[in-house]
Every structure is written in structure tokens, then in C-alpha cells.
**Student:** 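Please see the structure below; I have some questions.
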Number of protein chains: 2
Amino acid sequence: MEPKYPIRVVANKTGLSTHLIRMWERRYHAVEPCRTDTKRRLYSDVDVRRLSLLRRATQAGANIGQIAGLGDDQLVELVASYEQISVGAVPRAVGATDPEFFLRLALDAVKTLDQRALESALLQASVSVGRTLLFEGVIQPLLSAVGEEWNAGRIKVSHEHMATSVIRSFLGHLIETTVVDTNAPLIVVTTPTSHVHELGALMAAVTATGAGWQTMYLGPNLPAEDIASAVRQSKAAAVALSLIYPPDDPRLPGELRALRRLVGNDTLIIIGGESRGNYRKTIEEIRAVTVENLRSLAEVLASNRSVAATEAK
Amino acid sequence: MEPKYPIRVVANKTGLSTHLIRMWERRYHAVEPCRTDTKRRLYSDVDVRRLSLLRRATQAGANIGQIAGLGDDQLVELVASYEQISVGAVPRAVGATDPEFFLRLALDAVKTLDQRALESALLQASVSVGRTLLFEGVIQPLLSAVGEEWNAGRIKVSHEHMATSVIRSFLGHLIETTVVDTNAPLIVVTTPTSHVHELGALMAAVTATGAGWQTMYLGPNLPAEDIASAVRQSKAAAVALSLIYPPDDPRLPGELRALRRLVGNDTLIIIGGESRGNYRKTIEEIRAVTVENLRSLAEVLASNRSVAATEAK
DNA sequence: CAGCCTTTGACAAATGTGAGACAATTACTG
DNA sequence: CAGTAATTGTCTCACATTTGTCAAAGGCTG
């Protein structure tokens with residue numbers, strides 16, 4: 001863990017102001033970063049994580065003065081109890097920033113049908129690795145792994161259902177606990193009719209809140225007409241659709257064209273999901289943006305945020 | 001369990017006002033939290049639990065002066081008996097405990113597609129009215145109302161999806177935040193194959209945790225074989241199935257018989273949901289218990305809890 | 001040289017505390 | 001049944017603590 005971030009970057013990553021970070025250091029020794037030769041602060045990933053935890057805890061009502069001195073592992077527990085998640089007695093590895101560790105933990109939990117352990121693995125992963133790594137290193141691999149195990153007949157549908165249900169509620173929780181400013185532009189997230197896989201859309205929704213957008217998550221399987229009416233009623237600046245299964249839906253091109261027609265040309269349409277490639281022609285035709293993964297979704301949203309915000313006025 | 005919550009967090013968690021919490025302390029010594037060096041109150045999880053119990057008891061009609069001195073165990077019993085008695089009876093006028101108020105709030109939120117408002121309406125309702133009233137007075141009427149509005153063409157599917165998605169994550173949250181004794185018997189909650197309506201099952205799952213059972217919620221649409229394997233692997237003492245739609249599923253009797261055969265005769269099978277009446281013959285045949293509503297589910301679970309607990313040993 | 005960082009001191013908003021008071025309801029008494 | 005006392009939730013006030021924000025002055029960086 002080499003120290004590397006100047007204070008400005010840390011402020012961006014954690015959502016705290018530089019002022020506040022320095023104050024917390026001065027008053028409570030919340031984090032004491034290394035310095036350059038010329039006394040400039042240089043924060044490590046561990047510091048960033050600690051500051052994020054502190055922010056979540058204070059957000060939930062803790063007094064910074066009381067908690068600033070706590071150890072990292074205590075802090076994780078504290079955040080859990082403040083946010084009303086039960087961690088229970090589980091193997092803890094706060095030091096580990098290794099997604100694979102949490103992936104293994106989670107997969108074991110699925111195999112043994114242990115709901116609590118799965119929740120706790122996800123929670124710990126979410127505080128120990130960043131959100132990007134949480135998706136790309138834990139949740140997505142977990143879903144693939146569960147799929148493989150099921151294909152191989154080593155686990156049952158019930159395991160897969162349990163995993164889905166826990167992950168879904170965990171992701172919902174992430175959206176709820178992320179505070180976004182109410183002036184932020186709004187994005188509608190859903191999947192088109194007959195596309196029933198919803199976890200991709202949920203992760204997109206979480207990514208969007210993380211990128212500072214207000215999100216309206218409408219669940220899977222929604223006709224173009226209804227998506228458009230939701231966009232209009234909520235005055236959303238963008239729509240994101242996740243396409244996973246079926247990979248070859250003959251009715252989808254029609255739906256997409258209808259969507260573009262109904263929302264008008266000012267609304268950004270973003271399309272992601274594994275099957276997006278199979279509909280490329282239509283996507284180009286309706287001038288929608290495709291994103292390969294959640295990271296590029298975040299980039300697209302970041303670069304469109306200011307545009308959307310100004311247009312709203 | 002070190003003391004850690006400042007009073008405002010406790011107020012949020014319990015639904016009491018900070019004023020009232022201090023008053024109960026001054027007058028009745030209901031809880032006497034530790035203090036910081038500067039006399040600020042710091043509550044522990046135990047204190048929070050105790051205050052919640054006190055709130056539930058007073059809401060059900062107990063007078064605070066009488067019960068404030070009781071021990072925690074007595075309080076649990078008291079709350080249980082009080083809530084049995086006062087179900088349906090008019091609760092004492094404590095604040096705006098009118099479910100219809102929250103129902104209207106929630107319905108407005110759905111109509112205006114306001115996710116946050118719906119969440120906050122549900123959250124307020126859950127701390128202001130008891131859980132029974134939350135289901136029977138808010139969530140179920142809300143779902144019916146949304147259905148009616150949709151039939152009448154006054155709202156779109158997107159509204160219904162939004163409502164479903166918010167309610168689902170809210171219910172999931174309720175399950176997670178209810179702390180259950182890890183020795184409690186376990187119940188598996190799901191719906192059979194092709195029964196895709198999941199909110200009934202989710203409410204059943206919440207009811208079960210409220211009745212002191214550990215709950216494994218597996219989501220909707222699960223084949224009998226997989227339900228049974230989940231029961232066996234998790235050593236569950238009971239299974240609850242919610243039947244709503246379709247009301248006349250020709251394959252259901254076969255599924256139910258298979259379920260009984262696969263789980264053996266020691267497992268309690270509970271069946272609820274609006275359509276349960278249409279399958280009465282099979283239900284009797286497999287010696288399953290039917291419940292009319294969530295309240296009777298709670299009763300069945302309460303009376304079977306001790307039985308299940310002893311059998312587990 | 002403009003812009004960012006550091007330290008220090010100061011300020012104001014928010015929140016918590018204890019005491020007292022008030023109004024509404026309930027329970028008891030003659 | 002009227003009158004009285006007790007109960008209980010809410011509110012206000014004066015004061016202390018906590019905490020986020022800001023400004024000034026000087027140094028570092030590109």
C-alpha cells in the first residue's frame with residue numbers, strides 16, 4: 001500500500017471536502033497520512049477506505065469525535081450496526097483488499113445456503129474493496145460461478161434463487177444508502193419487455209447513484225411505451241437498459257425504435273449487458289450509446305452529468 | 001456491545017422522539033445510558049432494543065409508568081400478549097398512527113413516480129404503526145389500489161413496477177434488520193413453479209421473522225424438488241408457500257404432493273395466499289396447514305415454534 | 001505567476017442537556 | 001355525574017458542546 005493520493009483526489013473519492021478531511025485529522029487524528037518532503041499529505045488506499053467508513057458512519061448519525069479513534073475492523077462493525085445490517089460472527093479480514101477472498105467467502109455461503117454469511121461477505125467486500133471491484137471482482141464473478149456450478153449440477157436452483165434474492169436486496173440497499181443531491185439529473189434504469197434478468201440493471205442503477213445521478217429503478221420487463229412514459233413523467237435526462245437474456249429477441253428492435261420515438265431526441269439512451277452486441281444495428285439507428293461494462297457506464301454518466309444538469313434549467 | 005449510539009440515532013431506530021426518550025429516562029428511568037465525559041448520552045444495542053419494546057408496548061395500550069421498570073424478558077412477553085390482544089382493536093391515540101394517512105402518502109408517491117417518497121412513507125409507517133397494521137393497513141391496500149388504478153388506466157405499468165421494486169426492497173430490509181435468535185427454528189419461504197407473484201411470500205417471510213423464526217427466503221417460482229432440497233440442506237422445520245397467481249394451476253397439485261413426499265412427514269407445510277382455496281383438496285391430502293392471512297400465519301408459527309425447537313434437538 | 005496545499009485562528013450552525021411548563025387524556029373521588 | 005388528581009406527550013428556554021466552514025498568510029508546484 002504505497003501512499004499516493006493528494007488530498008484533492010481523496011476528497012473526490014470519499015465525498016468529503018478537503019477542509020473537513022484536514023479538520024478530522026487535526027482534531028481527532030482520524031487519519032494521519034504520510035507526507036512528501038514538503039509536508040504535503042499523501043493518502044493510501046487504506047486511508048481512503050477509512051475515511052469512507054467514517055463518512056458513512058457520520059452520515060448515519062454517529063459523532064465523528066466518538067468514532068474517529070476506532071480501529072478499522074471496529075469501524076466496519078459500527079457501520080454495519082448503524083446501517084442496520086447484521087454481520088454476525090463471521091471470519092473477518094479487514095486487512096484484505098483482495099476481491100477473490102470475498103468471492104470465495106460468498107460462494108461458500110451460497111453453497112451452504114447460508115443467507116447471513118452471504119450478506120456479511122457482500123457487506124465486508126463493499127467496505128473493503130471499492131465499488132468497481134465489488135462488481136467486477138465479486139458480484140459478477142459470483143453470478144458466473146453460481147451459473148457454472150448449477151450447469152454442472154453441483155448446486156440447485158434454490159441456491160441460485162437465494163443468491164439472487166440476497167444480492168438484489170443488497171444492491172437495493174446500496175442505492176438507498178447513497179445520498180445524492182436532489183438537483184442531480186435523473187436516470188431511469190430498467191430492462192425491456194421479456195428481458196427478465198434484473199441484476200445487471202440493478203448494478204447499473206447502483207453505478208448511476210455512485211456517479212452522482214438520481215436513479216429510478218423500475219425493475220425488469222417493461223414495455224417501451226411505459227419506459228417512455230416514466231421518462232416523461234419524471235423528466236429524466238437518460239435511460240439505461242440492460243440486455244442479457246434472451247440474446248436474440250426479435251421484438252427488441254421494434255421496442256427500441258419505439259422508445260426513441262416516444263422519448264424524443266433529447267434523452268440519452270444507454271444500453272449495456274452481455275447481449276448488447278446482437279442488436280448493434282438498431283442501437284446505432286436510434287443513436288443510443290452502448291457501454292461495455294459498468295466502468296464505462298460510469299464514464300458516460302460522468303461526462304453527461306453536467307450537460308444534463310444545465311439542460312434541465 | 002459497547003455503547004455507541006447518540007440519542008438522535010436511537011430516536012431514528014426506535015421511532016421515538018429525542019424529547020420523549022429523555023423524559024422516559026428522567027421520569028421512569030426506562031433506560032439509563034452511559035454518558036460521554038461531557039454528559040452526552042450513549043446508548044447500546046440493548047438499550048435500543050429495550051426502548052423499541054417499550055414503544056411497542058405503549059402503542060398497544062400499556063402505560064409507560066407501569067412497565068418502565070420491568071425486566072427485558074418480561075417486556076418481551078408483555079409485548080407479545082399486548083400485540084395479540086390489541087390487533088384490530090383501536091390502538092391508543094399516539095401521534096398520527098392512522099394507517100390510512102400513510103396509505104394515501106404512499107399512493108401519491110406511486111402516482112407521481114417518486115421513489116424516495118414511497119420509501120419514506122413505508123419507513124414512517126413501519127415505525128409508526130405496528131407490523132400487522134403495516135401489512136393489513138398499508139402495503140396490502142396499496143397493492144390493491146395500484147392494481148385498480150392500473151385497471152382503470154389511470155397509471156402505467158411503470159408505476160406498478162416502481163411500487164413493486166420499492167416494496168420488495170423495503171420488505172427485504174425488514175427481514176434483515178430483525179434480529180433473530182440463532183437457535184430459533186428455520187422456515188423456508190417461497191412460491192411454487194410458475195407462481196411468480198412474490199410480494200405475498202415476502203410478507204410471509206417478514207411475518208415469520210417477526211414471530212421469532214429464522215427465515216430463508218428463496219424468491220418466487222421454485223420447483224418442488226428444489227424447495228425440498230433446500231429444506232433438507234438447511235434442516236428447516238417448516239415451509240411456507242404463497243399462492244396468488246395463477247388461481248388454477250393444473251400442475252400445482254402434483255408439485256404439492258411431490259413436496260410432501262420429498263420433505264417427509266416431519267416438516268410443517270404452510271400454505272397461504274388468495275388462491276389457496278382453489279387447491280383445498282390437495283392441501284388437505286398432503287396435510288398442509290392453510291392460513292387465511294398473515295395474522296393467522298403468525299399464530300400458527302407461534303404455536304409451532306416450541307415444538308419445532310424441541311424436535312430440532 | 002496562478003493555483004493548490006498547509007497551518008492557524010475564528011465563527012456559526014446544529015445538536016444535546018436540564019429544567020420547567022402546558023395541554024390532553026385517564027383515573028379516581030365524593 | 002362533576003370535580004380533582006395523576007399521567008404523559010410535547011414544547012420552550014438558557015446554556016454548553018460538537019462540528020462543518022471559512023479566511024488569512026505563507027510555502028510549494030508547474
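The chains referred to below are lettered A, B, ... by the order of the sequence lines, with proteins before strands, and numbering in each begins at 1.
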**Student:** Please report, rounded to the nearest Å, how far the P atom of C:dT7 is from the CE atom of A:Met23.
**Tutor:**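 It is 11 Å, rounded to the nearest whole Å.
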**Student:** Measure the distance from CD1 on A:Ile7 to C1' on C:dG3 and round it to the nearest whole Å.
**Tutor:** 15 Å
**Student:** In whole angstrom, give the distance that lies between atom CG of A:Asn63 and atom P of D:dA16.
**Tutor:** 20 Å
**Student:** Where each residue is assigned the nucleotide of DNA chain D containing its nearest heavy atom, which of B:His19 and A:Ile64 is assigned the position nearer the 5′ end?
**Tutor:**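 Nearest-nucleotide comparison on DNA chain D picks B:His19.
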**Student:** How long is the line joining CZ of A:Arg22 and C1' of C:dG9, in whole Å?
**Tutor:** 15 Å
**Student:** Atom CD1 of A:Ile21 and atom P of D:dT21: how far apart are they, to the nearest Å?
**Tutor:** 11 Å
**Student:** Does B:Arg35 get its side chain close enough to the base of C:dG16, under 3.5 Å, for a donor-acceptor pair?
**Tutor:**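 Counting by modelled atom types and ignoring angles, no donor-acceptor contact under 3.5 Å is found here.
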**Student:** Of the options D:dT19, D:dT17, C:dC5, whose atoms approach the side-chain atoms of B:Thr38 most closely?
**Tutor:**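 It is D:dT17.
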**Student:** Which nucleotide sits closest to the side chain of B:Arg26: C:dA19, D:dG9, C:dC5?
**Tutor:** C:dA19
**Student:** Whether B:Arg41 contacts C:dT17 is assessed here as follows: a side-chain N or O lying under 4.0 Å from the phosphate OP1 or OP2. Is that the case?
**Tutor:**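 So the side chain of B:Arg41 is within the cut-off, an N or O lying under 4.0 Å from OP1 or OP2 of C:dT17.
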**Student:** Give the rounded distance in Å between these two atoms: NZ of A:Lys39 and P of D:dG26.
**Tutor:**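 Going from NZ in A:Lys39 over to P in D:dG26 covers 18 Å.
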**Student:** At less than 4.0 Å, is any side-chain N or O atom of A:Arg40 found next to OP1 or OP2 of D:dT29? Yes or no.
**Tutor:** no
**Student:** Distance from B:Met203 atom CE to B:Gln140 atom CD, nearest 0.5 Å?
**Tutor:** 4.5 Å
**Student:** Could you tell me whether B:Glu100 atom CD has more than 12 heavy atoms of other residues or ligands within 6.0 Å of it?
**Tutor:**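 Incorrect, the count does not exceed 12.
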**Student:** Give the rounded distance in Å between these two atoms: CZ of B:Arg55 and P of D:dT8.
**Tutor:** 17 Å
**Student:** Let me see the working for A:Thr18 and A:Arg22 under side-chain contact (heavy atoms from CB on, under 4.5 Å), right down to the final yes or no.
**Tutor:** CA-CA 6 Å; A:Thr18 57; A:Arg22 278 191 285 260; 3.6 Å; yes
**Student:** Measure the distance from CG on A:Asp37 to P on D:dG27 and round it to the nearest whole Å.
**Tutor:** 18 Å
